[in-house]
Amino acid sequence: MTREEIESREDESMMDAPQINKPKPEEFFNVNYLRIYYGNLFPYSDIHKWLSYGHDGKHPGCDEYYFGRREFSFTLENDVYLRYKSFKNASSMEDAIRSHFPYKIDIGAVYSVDPDKRHAYSQTGSNVFTPVERELVFDIDITDYDDVRYCCSGADVCSKCWPLMTVAIKVIHTSLTEDFGFKHILWVFSGRRGVHCWVCDPKARRMTNEQRSAVAEYFRVYKGNENNARKVALMGYSLHPFLARSYVDYLKGFFEGELQATQSIFSTKDKYEKILAMISDEDIQSELRGKWENSARSSLSEEAISLVRWEQLKNTLQSKKHKAPTLRMCVEEIVFTFTYPRIDLEVSKQMNHLLKAPFCVHPKTGRVCVPIDPNNCDEFDPLAVPTLSQLIEEINSGGSRMDVDDDSDDSDTSLLGKSVKFFRSSFLEPLLKSCKEEIESSYKTKIGKSKDSLSW
Amino acid sequence: MEVIRSQKRTPSNDTVSNPKIPLYLTAPQMEVRLEEFELFAVDRLRVLKGVSDGLARGRNPKEMDDLVDTLWKEHMRDPDASLMFNKDIISHFVLRLVYCRSDELKKWFLSMETALFRHRFRLQNFEAQRAIVGEFGLPYKAVTGAELEGLKERLGQVVRSLGQISPTGNNPIISFSHLVIRTCTFSYGKFLVLFFAVEAVYYKVPFEEVPDLVASRRVLIQKGYAFVAGSQLVSLVVTQFRSHISKALILTNRKWTTTIREREKDRLTPIVEALSTSYLGPDYSQSTEYAEISLKDIDQVAKSSFPLCMRHLFEKVREDHHLKHGGRMQLGLFLKGVGLKLDDALAFWRAEFTKKVGSERFDKEYAYSIRHNYGKEGKRTDYTPYACQKIILSAPGAGDHHGCPYRHFSEDNLRAALGRMGLSSRGMEGVMDQVRNKHYQLACTMTFEAVYGTSCDAGINHPNQYFEESQKILKSKTPPAPV
């Protein structure tokens with residue numbers, strides 16, 4: 001492991017002077033911008049409040065060391081990676097960030113002992129340094145959909161394929177709240193081409209790896225790679241209620257509407273062959289192929305052709321679905337293949353997996369990892385998310401003075417202020433309220449128990 | 001538990017109203033003869049080893065039920081029911097002492113005892129099962145009346161969604177056939193019409209208690225609660241059982257290291273220490289004399305001796321100059337087991353990956369984890385190559401090439417790959433037959449037999465085993481090089 005490099009602190013007074021040169025268009029991410037961002041804009045106290053989960057030392061039932069047992073990691077310029085960082089409180093976290101200006105900050109688990117001091121305990125043999133709490137997290141990346149999106153591939157994302165993320169949020173969020181009963185869920189833009197989800201209920205934070213794995217598998221439908229053609233296999237005589245609800249409420253409409261319009265998944269031979277390969281009956285494949293090859297030179301638009309062919313496919317399968325068990329839900333399988341969320345299972349399964357912190361800046365795009373409102377995710381546009389250079393421009397032009405720590409500032413209309421306000425009001429406040437209640441009640445129980453033990 | 005030397009046997013007093021499967025919740029208060037201490041443990045170990053073997057061969061749950069039944073009758077039976085019960089308990093607690101002493105031993109014991117418990121439980125009738133659930137003192141109530149009415153439709157959906165063997169391994173058909181028995185079936189022309197009845201009894205349980213049912217979507221979940229059918233009780237109790245044994249092993253270890261080991265150093269300790277060494281199959285973490293392969297041989301050896309899963313990964317590395325994490329782990333650890341030294345391994349991966357990502361990125365992103373696999377970084381565990389069981393259960397996703405080809409490849413791709421290994425179309429049919437019946441390891445064994453023209457009675461249950469056996473055969477066929 002590389003050793004920490006302690007950078008010399010910049011003179012604080014340089015931060016305030018807005019004498020920054022106008023940023024060139026191609027330079028959207030660099031250390032200077034980071035200095036300004038982490039000097040003025042990053043919401044330290046909100047992040048600290050969140051990760052303290054109510055243990056602010058004000059109540060006798062608080063664990064004042066709770067925040068200090070959380071692991072953070074920094075990725076610095078030149079890919080220097082520092083793990084097992086921990087901070088006593090908000091100001092030491094702020095000091096560390098403002099002395100390193102990390103390109104990326106990751107949040108890990110809360111451990112049994114201060115990560116900084118983990119070596120002191122490893123002598124005893126039995127593993128005392130172990131994760132005790134960690135949010136249930138999900139990571140959805142649009143590159144995992146490359147086989148079903150035709151507008152972009154790889155790191156690119158556009159308004160045509162981003163809706164895949166929107167649908168994913170809706171499906172997963174509904175399940176987390178309706179099926180699993182979770183209440184404190186934070187969705188965050190990953191900065192470039194995906195979304196992260198942080199489930200922060202106490203029950204979620206205490207889940208074991210096995211339980212996390214179970215939830216991840218519950219969400220898993222797509223089981224594919226280039227070695228098999230039928231990547232979604234829905235067996236049985238009906239869909240599980242979770243899948244049925246997702247299909248009826250979100251996936252079917254999205255597939256037949258927006259997806260067809262933007263991706264035209266039947267319009268060329270390459271595209272429709274991919275879909276035909278999902279039908280496990282050669283005769284049906286040939287029948288449809290024949291129809292479509294004949295209509296290749298139609299005068300309809302790409303979108304109209306796609307819709308017509310989809311209807312043909314549905315009708316054919318409807319009449320023939322009793323031919324084999326694998327055809328029973330072929331239509332649904334195709335819809336699921338194109339639209340159902342594809343989460344990165346490994347991220348969710350282990351407590352010690354680190355995940356990027358909200359309000360970081362993505363080094364490749366310069367965009368801030370802002371929260372997304374799951375109840376309004378149709379409105380979210382990844383290409384309109386504030387970038388570092390925009391934020392700095394805003395400061396330069398003397399825009400609203402951004403005091404992100406000022407809770408009472410309701411008139412903060414700055415680019416980042418809106419996101420911070422949303423974070424506070426929709427997520428942080430309800431969360432802290434419920435945490436305080438929990439600390440209060442478990443404290444009362446503890447007191448009650450010890451009182452009982454004293455009684456004769 | 002008192003261990004005595006005398007021939008006298010004091011009758012135990014806790015066999016009266018117990019269910020047939022003990023839960024091993026507390027150490028038994030009985031006297032055990034020294035001879036029985038070891039004998040009982042050895043017999044139980046034979047059962048556990050048989051279970052381990054069965055799992056490694058990819059036996060489905062019904063086959064495992066039968067296997068456990070057979071093993072138990074063979075090794076643990078006694079005409080006197082109370083003596084049989086005592087042997088059950090005593091042997092379990094002795095083995096706890098044996099297997100609490102390291103993480104690897106604990107993990108094995110926990111897996112096998114849990115599997116044993118699971119299948120013994122499944123063999124019981126419903127009333128006996130409910131009695132065992134009661135023994136655990138679980139607070140879960142049955143859902144009845146109006147609440148059940150409100151859920152009926154969705155519970156029915158769950159039941160219907162399970163009405164087919166899922167391709168992912170854990171065969172849910174047992175729960176389906178249970179329901180068939182309870183429902184009406186009749187033939188109508190060519191069609192068998194099945195009425196799917198929602199069972200009469202469901203338990204409302206926090207979803208955390210039944211992770212395997214959640215993972216395979218075999219239960220309805222609502223507001224954090226899973227609705228577990230009576231026929232699915234096994235999941236519930238197995239989770240409880242495993243959790244209890246896991247905690248108990250930690251306590252036992254503490255007691256062992258602080259008092260028992262020293263106190264018993266002339267009597268029980270030597271027995272305990274001897275019992276654990278011979279029953280875990282080779283883990284291939286230390287390569288044997290056959291397998292020190294060097295970088296220059298690796299292409300040739302991959303073609304001649306690698307099992308299909310590793311050949312595929314190897315070919316993909318050569319082709320794409322990249323592998324995702326699952327593939328790197330599976331192949332990397334296999335190569336370690338095969339005898340590839342760390343420096344050669346680094347050279348191999350570097351030669352391929354730098355064609356795609358450049359040498360700087362390789363050093364930054366990949367070299368560390370290769371060294372990590374060899375136990376040279378981090379907590380310095382020397383990781384063991386994956387056995388078939390683990391590989392079969394893995395879940396390759398988009399862009400992955402790991403896993404077991406017999407399970408994860410489509411039929412066409414598998415046939416093509418087997419063809420490239422030199423199988424004739426006749427040989428292939430036998431293999432594809434095994435695949436259709438989900439006997440993936442038997443399929444691999446048949447492939448082995450077809451490729452090398454010899455039989456492999458032990459059956460393949462580890463890729464490194466395949467490699468070693470293959471090398472043995474090839475070396476015995478080629479004459480030694482002239483000096």
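In what follows, chains are A, B, ... by sequence order, proteins preceding strands, each numbered from 1.
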To the nearest 0.5 Å, what is the distance between CG on A:L239 and CD on B:Q157? 7.5 Å
Heavy-atom cut-off 4.5 Å, strictly under: side chain, backbone, both or neither for A:M207 against chain B? side chain
Given heavy-atom pairs under 4.5 angstrom as the criterion, report whether the side chain, backbone, both or neither of A:L243 touches chain B. side chain
Partner residues of B:F207 under the ring-ring contact (aromatic ring centres under 6.0 Å, His included) criterion, sequence neighbours left out: A:F180
Flag yes if more than 12 heavy atoms outside A:K183 fall under 6.0 Å of its NZ atom; otherwise flag no. no
Region of A:T177 that comes under 4.5 Å of a non-hydrogen atom in chain B: backbone
Mind listing the closest non-hydrogen atom pair of A:A214 and B:P211 along with its distance? CB-O, 3.2 Å
Assess whether atom NZ of B:K255 is packed by more than 12 heavy atoms of other residues, nucleotides or ligands within 6.0 Å. no
Rounded to the nearest 0.5 Å, what separation is found between the NE2 atom of A:H240 and the CD1 atom of B:I221? 6.0 Å
Roughly how far apart are B:R361 CZ and A:D79 CG, rounded to 0.5 Å? 9.0 Å
Supply the atom-to-atom distance A:R220 CZ to B:R217 CZ, rounded to the nearest 0.5 angstrom. 10.0 Å
Is B:V219 in contact with chain A via its backbone, its side chain, both, or neither, using a 4.5 Å heavy-atom distance? backbone
I'd like to know whether NZ of A:K323 has more than 12 heavy-atom contacts from other residues, nucleotides or ligands below 6.0 angstrom. yes
Taking atom CG as the centre, does B:D363 end up with more than 12 heavy-atom neighbours from other residues, nucleotides or ligands that are less than 6.0 angstrom away? yes
Residue part contacting chain B, namely of A:Y145, when any heavy atom lies under 4.5 Å: neither
Answer yes or no: does atom OH of B:Y225 have more than 12 heavy-atom neighbours from other residues, nucleotides or ligands under 6.0 Å? no
Is there side-chain contact between B:H325 and A:E346, with at least one heavy-atom pair below 4.5 Å? no
Could you check if a side-chain atom of B:L220 sits within less than 4.5 angstrom of a side-chain atom of A:P241, using non-hydrogen atoms only? yes
Working to the nearest 0.5 Å, report the span between CD of B:E208 and CZ of A:R206. 11.5 Å
